[in-house]
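The structure appears right after this line, and notes come after that.
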Amino acid sequence: RGKTLVGKDSVKYVFKNGTIEAADENNAIYWENNNDMDIYAYYPYDKSNSVSVTDHTFTIPTDQSNELNYYKSDFLRAVREDVEITSSPVGMTFYHLMSKVSVTITHDSSFADDDFNKLTKVLTINGVEDSGKVDISKGEVAVSSKKESLSFTTLANGNTFSAIIFPQNRNDV
């Protein structure tokens, strides 16, 4: 079984015009020696080209107030094993490996709606780490260590605020 992508550890593919294709010809994947291949796909792309499928370091942006950083906080992975040589696209199903926290803030009659809506709101989660290790091959994640407190600036939708964090055991937080 082939385990390499012709000397490439990490190549970039993009969704363009309704299809997924190589970002450029240097990123195209070709079969080596007509062997079956295991294909590991993940998002967000890491341009370092040294991504380990068993020990990838991933850091979540703590400022998730804009959609780009919010979506970059989620780690997605897909795996297809023993793929036979083909010239057809290989379908991949992606799964989320991070957790989503959503908090809806309401107010009582002591605040007027306008005053409440003008307030700057920040979600602070205690004991949550912003980086850890991802085993892309198995779909497992582990935080690096616990910090006392991190402040995540969240993506706002009305009075609901969301952040993407590493999965936590209830006893860990």
Side-chain angles (χ1 to χ4, degrees), residues 1-102 125 128-145 150 152-155 157 160-170 172-173:
R1 275 173 34 166
K3 295 292 182 187
T4 63
L5 302 177
V6 193
K8 297 179 183 181
D9 294 320
S10 182
V11 293
K12 184 176 185 177
Y13 273 62
V14 296
F15 185 74
K16 187 193 237 179
N17 301 324
T19 62
I20 296 176
E21 57 189 51
D24 59 59
E25 186 56 35
N26 292 328
N27 285 313
I29 298 174
Y30 300 99
W31 260 255
E32 184 178 272
N33 301 324
N34 294 325
N35 290 329
D36 292 354
M37 229 176 15
D38 293 347
I39 301 173
Y40 302 96
Y42 66 94
Y43 172 87
Y45 176 69
D46 183 338
K47 63 183 173 187
S48 70
N49 204 31
S50 61
V51 173
S52 167
V53 296
T54 59
D55 190 27
H56 175 60
T57 300
F58 181 63
T59 301
I60 294 174
T62 56
D63 179 0
Q64 297 179 25
S65 61
N66 64 63
E67 285 188 357
L68 180 62
N69 279 354
Y70 178 78
Y71 291 119
K72 281 185 175 180
S73 301
D74 200 1
F75 196 93
L76 304 159
R77 65 84 85 161
V79 174
R80 286 286 304 269
E81 295 179 330
D82 296 325
V83 179
E84 294 179 5
I85 190 168
T86 180
S87 60
S88 299
V90 176
M92 306 286 288
T93 301
F94 284 82
Y95 294 93
H96 299 270
L97 297 185
M98 298 295 117
S99 294
K100 178 180 178 179
V101 174
S102 291
I125 306 170
V128 175
E129 178 61 43
D130 64 341
S131 65
K133 299 287 185 175
V134 178
D135 184 328
I136 299 169
S137 66
K138 294 179 182 176
E140 297 173 352
V141 297
V143 294
S144 298
S145 62
L150 280 179
F152 282 82
T153 306
T154 59
L155 183 65
N157 181 8
T160 299
F161 303 86
S162 299
I164 304 293
I165 62 171
F166 272 84
Q168 302 290 305
N169 180 320
R170 185 179 131 130
D172 290 343
V173 183

Here the pair of heavy atoms bringing Pro167 nearest to Ser99 is CA-OG, 3.3 Å

Closest approach of Ile165 and Val101, non-hydrogen atoms and distance? CD1-CG2, 3.5 Å

Sequence neighbours excluded, which residues qualify as side-chain hydrogen bond (donor to acceptor under 3.5 Å, both in side chains) partners of Asp63? Ser65

Restricting to non-hydrogen atoms, name the atom on Val83 and the atom on Val90 that form the minimum distance, rounded to 0.1 Å. CG1-CG2, 3.9 Å

With a 4.5 Å heavy-atom cut-off, do Pro44 and Tyr71 have their side chains touching? no

Output side-chain donor-acceptor pairs under 3.5 Å for residues 91-98, partner residues at least two apart or in another chain, one line each.
residue, atom, partner, partner atom, Å
His96, ND1, Asp74, OD2, 2.4

Checking Lys100 now: which residues fulfil side-chain contact (heavy atoms from CB on, under 4.5 Å) with it, not counting sequence neighbours? Tyr70, Ser102, Ser162, Ile164

With Phe75, which of Tyr43, Phe58, Tyr45 fulfils ring-ring contact (aromatic ring centres under 6.0 Å, His included)? Phe58

To the nearest 0.5 Å, what is the distance between OG1 (Thr59) and CD (Glu129)? 8.0 Å

Hey, does the side chain of Asn66 reach the backbone of Asn69 with a donor-acceptor pair shorter than 3.5 angstrom? yes

side-chain contact (heavy atoms from CB on, under 4.5 Å) partners for Thr57, two or more places apart: Lys133

Side chains of Thr86 and Glu84: any donor to acceptor distance under 3.5 Å? no

With sequence neighbours excluded, what pairs up with Asp135 under the side-chain contact (heavy atoms from CB on, under 4.5 Å) test? Thr54, Ser137, Lys138, Glu140

Residues two or more places apart in sequence or in another chain: which of them pass side-chain contact (heavy atoms from CB on, under 4.5 Å) with Val79? Tyr40, Arg77, Glu81

